[in-house]
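Just so it is clear, the model here is predicted, and its values are computed rather than measured.
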Amino acid sequence: MSEKVTGGGVNGGGGRGRSIDERYAQWKYLVPILYDWFANHNLLWPSLSCRWGPQLEQATYKNRQRLYLSEQTDGSVPNTLVIANCEIVKPRVAAAEHISQFNEEARSPYVKKFKTIIHPGEVNRIRELPQNNNIVATHTDSPDVLIWDVESQPNRHAVLGATESRPDLILSGHQENAEFALDMCRSEPLVLSGGKDKSVVLWSIHDHISTLATQPGITKSVGSDDKPTESPVIQARGVFHGHEDTVEDVQFCPSSGQEFCSVGDDSCLILWDARTGSSPVVKVEKAHNADLHCVDWNPIDENLILTGSADNTIRLFDRRNLTTSGIGSPIHIFENHTAAVLCVQWSPDKSSVFGSSAEDGILNVWDHNKIGESSGPASKAAQGLLFRHSGHRDKVVDFHWNAHDPWTIVSVSNDDESTGGGGTLQVSFLLFA
């Protein structure tokens with residue numbers, strides 16, 4: 001279980017359940033007003049990561065798209081990487097009364113499992129390769145990064161005792177477990193990872209992408225008694241040292257495979273450049289007042305970097321002015337979450353808009369261009385806040401903007417504390433888009 005998503009309740013104390021129920025009831029009443037379209041999908045097992053894959057079909061009223069998620073089980077059945085098909089209803093198509101008619105305990109007709117890969121260990125993070133969305137990387141409780149060609153992998157039945165699916169590639173280079181920090185480069189097929197060994201590791205999979213599905217022995221035949229050949233292993237291109245504790249997230253510069261950043265449990269934000277060696281280019285020694293859980297680099301304005309922390313805040317940095325004597329100098333500190341921030345991500349469509357999710361069960365959407373526009377007694381606490389998605393009843397561990405349908409967001413919550421198990425996947429099309 002992720003160390004990031006356990007611990008204190010959403011509001012703490014004995015009143016937690018009641019306040020969550022009240023908030024959720026109010027939110028559900030407002031669903032037809034808040035969203036142009038909405039889908040709620042009950043998960044038997046929680047998923048710690050969710051990602052959009054390639055678009056499959058465009059139709060008059062809805063699009064169909066791949067969706068990657070996972071099943072983190074209790075050991076009674078194997079952990080899996082799930083490839084699903086998701087139907088996304090286009091704006092102003094769904095009737096308001098239809099949007100609000102969903103059952104929290106049911107699976108959505110808009111989300112259908114397409115393929116199951118039996119994963120060696122739980123899936124902590126999923127990232128897709130921008131040059132080929134059928135290639136995904138996963139992090140588990142091991143030092144290795146696993147690479148999968150999800151189209152060529154056979155569909156498996158996740159039953160007790162089933163043999164694990166075999167990765168198409170294994171990336172080796174960490175000395176200890178690397179569980180969460182993972183990214184894939186936009187400009188070339190590079191993979192970046194961080195782990196408990198306090199290091200950031202860089203790989204190139206360029207020579208292997210075109211042959212993933214064709215190399216002899218790569219794809220395992222289901223039901224075969226023959227011992228499968230080993231997955232090919234790629235060694236690191238570079239190992240970067242500068243953190244003093246676990247690296248929790250990493251991010252490539254959107255236009256460069258040589259520049260990247262990382263954050264960790266040492267409260268540091270570090271910028272790196274592979275062309276200048278394995279030491280930090282800039283080290284912000286106190287970017288937050290607690291562990292940093294997440295970081296994202298603006299894909300449109302590359303001077304802007306977001307960080308999220310266990311201090312419940314999101315901080316916006318300009319890389320041209322990151323630090324003063326090692327202390328972070330953020331442009332703005334966004335304060336609205338009441339628990340640790342687990343995920344931040346810029347909108348792919350508008351350079352000033354981003355989302356954040358946290359252990360308080362909230363997914364917020366912000367616009368930093370609107371800082372200072374609010375008025376009233378709550379304005380100081382919610383500067384730049386555009387929207388609060390309150391549909392989850394437990395910690396929102398991951399979300400992902402849809403590049404094909406801007407303002408559509410998929411999010412997942414781990415519902416162990418609120419419902420005793422399982423998870424919830426939601427797809428939201430924000431009405432103010």
Side-chain angles (χ1 to χ4, degrees), residues 10 23-24 26-28 30-40 50-52 88-89 91-92 99 251 293-301 304-309 312-317 330-376 378-413 424-433:
V10 172
R23 185 185 77 188
Y24 180 80
Q26 182 182 32
W27 167 82
K28 190 172 182 182
L30 294 172
V31 163
I33 301 169
L34 297 174
Y35 305 89
D36 196 81
W37 179 70
F38 176 79
N40 186 92
C50 59
R51 301 292 289 186
W52 292 109
I88 303 165
V89 177
R92 291 168 289 281
I99 295 173
Q251 189 75 204
H293 288 162
C294 47
V295 64
D296 197 31
W297 204 315
N298 194 307
I300 301 169
D301 183 350
L304 301 180
I305 295 173
L306 283 172
T307 56
S309 169
N312 307 350
T313 71
I314 303 107
R315 300 194 177 191
L316 174 62
F317 292 94
I331 299 172
H332 190 75
I333 300 174
F334 297 88
E335 298 178 295
N336 185 261
H337 289 291
T338 58
V341 178
L342 301 177
C343 183
V344 291
Q345 192 193 10
W346 291 102
S347 163
D349 187 57
K350 190 174 180 182
S351 64
S352 62
V353 172
F354 65 91
S356 64
S357 68
E359 287 189 0
D360 58 11
I362 299 294
L363 194 164
N364 281 332
V365 177
W366 309 80
D367 187 340
H368 73 76
N369 280 348
K370 295 188 178 298
I371 295 170
E373 290 186 8
S374 302
S375 61
S379 62
K380 185 176 180 181
Q383 288 279 304
L385 184 63
L386 276 184
F387 188 83
R388 278 169 62 90
H389 173 62
S390 305
H392 291 282
R393 289 174 288 176
D394 215 320
K395 44 197 170 290
V396 184
V397 292
D398 200 13
F399 71 93
H400 192 202
W401 294 88
N402 193 328
H404 295 284
D405 283 285
W407 301 101
T408 300
I409 299 174
V410 61
S411 54
V412 287
S413 58
T424 301
L425 180 144
Q426 295 180 341
V427 182
S428 313
F429 191 103
L430 306 186
L431 190 60
F432 60 82

Has the side chain of [X] got a donor or acceptor atom that lies under 3.5 Å from a matching backbone atom of [Y]?
X	Y	result
E359	K395	no
W52	A403	no
H293	V341	yes

Notebook entry, point to check: Does D36 reach the side chain of W407, with side-chain heavy atoms less than 4.5 Å apart?
Noted result: no

How far does [atom1] of [X] sit from [atom2] of [Y], to the nearest 0.5 angstrom?
X	Y	atom1	atom2	value
W366	L306	CH2	CG	10.5 Å
F317	T307	CZ	OG1	4.5 Å
N312	H337	CG	NE2	9.0 Å
W346	Q251	CH2	CD	11.5 Å

Next item on the list: Please state whether the rings of H389 and F387 are parallel, tilted or perpendicular, taking 30° and 60° as the class boundaries.
Entry: parallel

Next item on the list: Just say parallel, tilted or perpendicular for the rings of Y35 and F38, cut-offs at 30° and 60°.
Entry: tilted

If every non-hydrogen atom of [X] is compared with every non-hydrogen atom of [Y], which pair is closest and at what distance?
X	Y	value
S411	L363	CB-CD1, 3.6 Å
D398	C343	OD1-SG, 3.5 Å
L386	V353	CD1-CG2, 4.4 Å
D360	R23	O-NH1, 3.1 Å
S357	V396	OG-O, 3.0 Å

Next item on the list: State which residues pass side chain to side chain donor-acceptor pair (under 3.5 Å) with T313; sequence neighbours excluded, sorted by chain then number.
Entry: H288, D311

Note to self: Strictly by salt bridge (Lys or Arg N to Asp or Glu O under 4.0 Å), give each pair with a member in residues 338-356 just once, sequence neighbours left out.
What the structure shows: K350-D367

Next item on the list: Kindly state whether the ring of F354 and the ring of H368 have centres lying under 6.0 angstrom apart.
Entry: no

